[in-house]
S.K.: 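Structure below; questions to follow.
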There are 2 protein chains.
Amino acid sequence: MNGTTIKQLAKELNLSAGSVSKALKDSHEISSETKQKVLALAAKYHYTPNPYASSLRKRKSKTIAVVLPEVADSFFSLAINGIESVAQAKGYHVLIYLSHEDFKREEQILSAFRSGRVDGILISVSEETSQADHIKEVLTAGIPVVFFDRIFDDIEAAKISTNDFEGAYEATRCLLERGCKKISFLSIAANLSITSKRVQGFQKALHDAHIGATDADVLLCSNDMEQNCRLIRQLLEQRDKPDGIIASVEKLVTPVYLVSKQLGMAIPDDLKVIGFTNLHSASILEPSLTTVTQPAFEIGKTAATVLFKGLEEKHFTLSAQTITIPSMLVERASTRGNQ
Amino acid sequence: MNGTTIKQLAKELNLSAGSVSKALKDSHEISSETKQKVLALAAKYHYTPNPYASSLRKRKSKTIAVVLPEVADSFFSLAINGIESVAQAKGYHVLIYLSHEDFKREEQILSAFRSGRVDGILISVSEETSQADHIKEVLTAGIPVVFFDRIFDDIEAAKISTNDFEGAYEATRCLLERGCKKISFLSIAANLSITSKRVQGFQKALHDAHIGATDADVLLCSNDMEQNCRLIRQLLEQRDKPDGIIASVEKLVTPVYLVSKQLGMAIPDDLKVIGFTNLHSASILEPSLTTVTQPAFEIGKTAATVLFKGLEEKHFTLSAQTITIPSMLVERASTRGNQ
């Protein structure tokens, strides 16, 4: 019995199609006895659920949601441009929601989607997000989700990101090759996947160069500019101070430049610096900044493209899509070697 | 007959309420004979239309649209943050549309709103927008519009902007006080209101200093980074080259720094520079950049606040709201005087 439908199962079991659908989704509204009956018959007929059947039925809002931590940096601005370029061509509308790095707010935003306001969701999680029940709930409600940039590993969903491990590995190797003996890695939000992968890439590069890497080499910063300046000042004033710094997010670049100037440390002679950023102004800083330039526009564009494919093509397994778009190390004056 | 309603007019004229409503809106569907009858009776009874009655009736999408030229610069990113902060508190959803500085696209975006997808619109027009029929149409359809930053003068609607004239006037005066004899003003999109006001402020400051201002002092740039570099290079290579530059939009800052470096012109000794920008990195450029810092977040926040007031309060005349939030000149090293 190929192509069995929920209706056929319902008829044979003398249940409503809704109950069968809920049973198949392990809904708490259905008794475990009924669930077992439904699952047994579904197994007998090799029933394969179409994961998008429900969203295809509901797909009429012609609207997608983009959930972001913030839009204040160049990465997310470019990503929005990428997403919007695809959505506009497809005749879709784009709702923007900012979590402001607040998990509770992210939960609220997502819970509102279960009513069917949007056909699909693109999300880059907040730095506080350490579990994904709120995302699983919208997936269960039949709304497809694509993670971009700040992905969440422990969930079966499409994930579009850059090669964070390799980006940090290359940045660290670059600093080592230019003569750095002690490198500090500035980070935020330890529980984010991109953060831990970048830290791992950093530590692996040190390890491969036979340099012992300790947790003390990673400095955890925050969203508070002044506090970051204080932390970086402490770092650069200590006796055993670094001669290389990797600013693993854009907002940490300005404090590094400001503090090193205040302390009279010359970049790159006293301190070499690499920043993860897409800022246009990287080239006009003095010295110009070596960057791990992320494919921000491409990540947004790909995430939207994959989501629309999931919405439009019946046999496309959206949740199996894991795409990594490489970053690029662009060397400028801030890592010039001491010759 | 105070508080006359459309229904009462319709009854007395033996017309449907819809026809009366259309006649009052000068709809082409209604004959001019009928229109005259309706207007005469409306005048007799001192009928005052409630401009938000129709939108109040329709107001159920709980969604507003933000139409922007782009999100790639710091101004619009901050403005979105401001808008979103108000919308989220009000339980509204925010749709984002980018015109990419393309008038046709802006028209398409707005025409889609007439179906009632949104309760209100915040718009910053594209640099190609030189007439406002597309905006008048959504206003006629009963959807309130608030302009922010890039406003359109010849239309009766709420307008939230910064003091573009004064910002440019102060910037010019600053350069003159620091010793500049010949100042060039870099601009884009001559037909934009913000552009013409900034140019006027520049020219007025020159005039007040008894310096003859000519059109040749204003260099029209584009969105093409390489072309802008070429234009600025030509400007700085000519015999009668400027000793001061005002980059009146953010994207013109990087080319000015790049080209002056290529030509071996030292900022501020050979060339003083002021940029209209909210970039964090202004302070870490070498030399740090004097900026006309715009109240981007505040403009977005105020625009959204005014729109919601218009949606919620019956007796609030949205179209009469014209609010100017001042910019701030922040002096840094790029305008240091020659002492």
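Sequence lines set the chain letters: A, B, ... in the order given, protein chains first and strands last, and positions in each chain run from 1. The model shown is predicted, which means the values in this text are computed figures rather than measured ones.
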S.K.: After noting the C-alpha distance and the side-chain angles of A/E250 and B/H280, does the key distance pass the side chain to side chain donor-acceptor pair (under 3.5 Å) rule?
M.R.: CA-CA 10 Å; A/E250 184 170 301; B/H280 255 305; over 6 Å; no

S.K.: With the side chain counted from C-beta on, respond yes when B/T63 and A/L95 share a heavy-atom pair under 4.5 Å apart, and no when they do not.
M.R.: yes

S.K.: Quick one: does any side-chain atom of B/Q88 pair with a main-chain N or O of A/L98 as donor and acceptor, under 3.5 Å?
M.R.: yes

S.K.: If you round to the nearest 0.5 Å, how far is OH of B/Y257 from CD of A/E286?
M.R.: 10.5 Å

S.K.: Quick check on A/Y97 against chain B: is it the side chain, the backbone, both or neither that has a heavy atom closer than 4.5 Å?
M.R.: both

S.K.: Need one label for B/K251: side chain, backbone, both or neither, based on atoms under 4.5 Å from any heavy atom in chain A.
M.R.: neither

S.K.: Nearest 0.5 Å, please: how far is CG in B/L258 from CD1 in A/I284?
M.R.: 6.5 Å

S.K.: Is the count of non-hydrogen atoms from other residues, nucleotides or ligands lying under 6.0 Å from B/M225 atom CE greater than 12?
M.R.: yes

S.K.: Taking side chain as C-beta onward, heavy atoms only, is A/H93 less than 4.5 Å from B/I96?
M.R.: no

S.K.: If we ignore hydrogens and angles and just use 3.5 Å, is the side chain of A/S281 paired with the main-chain N or O of B/S281 as donor and acceptor?
M.R.: no

S.K.: In this structure, are over 12 heavy atoms from other groups packed under 6.0 Å from A/K261 atom NZ?
M.R.: yes

S.K.: Starting at CZ of B/R117, measure out to OG of A/S61 and round the result to the nearest 0.5 Å.
M.R.: 7.0 Å

S.K.: Would you mind reporting whether B/V71 and A/V71 have side-chain heavy atoms less than 4.5 Å apart?
M.R.: no

S.K.: Could you state the interatomic distance from CD (A/E70) to OG (B/S77), rounded to the nearest 0.5 Å?
M.R.: 10.0 Å

